[in-house]
Peer 1: 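The structure follows.
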Amino acid sequence: MSDEPLQVSIKILDKDYRIACAPDEEQGLRESARILDGKMREIRRTGRVIGTDRIAVMAALNIAHELFQLRKSRTVDGGEIDPRLALLQERVAQALAAEQALDASGERV
């Protein structure tokens, strides 16, 4: 498999774009374009924002706000990861380490 960038054609708000991306990022690029296209169409349907540039900025702000809210929901007071999530992550890591140790020794409990 080649590491050469792909030229991917996407369509956002009825306009075609060719974007270069790594082969393993093509699906994510297509999904991101689909999300952006949906947001822009939603904003255009309201009729309150006129012009493709303004619609794009509003869509970007909406997506950035959603990302901010998602990150905020995963932290406590905007700081560290929720302690419950950290505890669960630690337990999973310990279980995986124990499983790998058993596999390495060839023994099963």
Side-chain angles (χ1 to χ4, degrees):
M1 180 179 248
S2 174
D3 289 336
E4 291 289 316
L6 297 175
Q7 291 292 318
V8 178
S9 295
I10 58 173
K11 186 175 270 196
I12 300 172
L13 208 58
D14 303 323
K15 187 169 181 180
D16 292 315
Y17 297 90
R18 290 190 52 80
I19 310 291
C21 74
D24 61 336
E25 295 176 350
E26 180 181 2
Q27 190 60 35
L29 173 63
R30 291 190 184 281
E31 182 63 18
S32 297
R34 187 192 65 74
I35 290 168
L36 179 58
D37 181 64
K39 287 283 185 195
M40 289 179 71
R41 289 178 184 283
E42 182 182 312
I43 290 166
R44 185 173 67 178
R45 267 193 306 274
T46 68
R48 293 181 287 189
V49 180
I50 299 172
T52 305
D53 291 348
R54 289 178 184 258
I55 290 171
V57 169
M58 291 304 298
L61 283 171
N62 286 333
I63 293 168
H65 178 70
E66 290 174 12
L67 176 61
F68 173 75
Q69 293 298 323
L70 180 62
R71 286 180 177 171
K72 185 177 168 186
S73 72
R74 292 184 177 179
T75 62
V76 176
D77 298 325
E80 297 179 17
I81 293 177
D82 184 323
R84 294 169 295 173
L85 284 175
L87 179 61
L88 286 172
Q89 287 176 334
E90 181 61 29
R91 286 182 181 169
V92 168
Q94 288 174 354
L96 289 173
E99 183 72 22
Q100 287 175 341
L102 287 174
D103 288 345
S105 70
E107 298 178 14
R108 281 277 183 204
V109 176

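Atoms considered below: every heavy atom in the structure, side chains included; atoms not considered: hydrogens, waters and symmetry mates. Keep in mind the model is a prediction, meaning the values are calculated, not measured.
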Peer 1: Can you tell me how far the CZ atom of Arg30 sits from the CD atom of Glu25, to the nearest 0.5 Å?
Peer 2: 13.5 Å
Peer 1: Which hydrophobic side chains are connected to Ile63, either touching it within the sub-4.5 Å cutoff or through other members that do?
Peer 2: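 For the cluster that includes Ile63, the remaining residues are Leu6, Val8, Ile10, Ile12, Leu13, Tyr17, Ile19, Leu29, Ile35, Leu36, Met40, Ile43, Val49, Ile55, Val57, Met58, Leu61.
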Peer 1: For residues 41-65, pull every pair meeting salt bridge (charged side-chain N to carboxylate O under 4.0 Å, His left out), keeping only residues two or more places apart or in separate chains.
Peer 2: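 Output for this query lists Asp14-Arg41, Asp14-Arg44, Asp37-Arg41.
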Peer 1: Quiz question: by atom type and distance under 3.5 Å, do the side chains of Gln27 and Glu31 form a donor-acceptor pair?
Peer 2: no
Peer 1: Would you give the length of the straight line joining atom NZ of Lys72 to atom CG of Leu70, rounded to the nearest 0.5 angstrom?
Peer 2: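 It is 12.5 Å, given to the nearest 0.5 Å.
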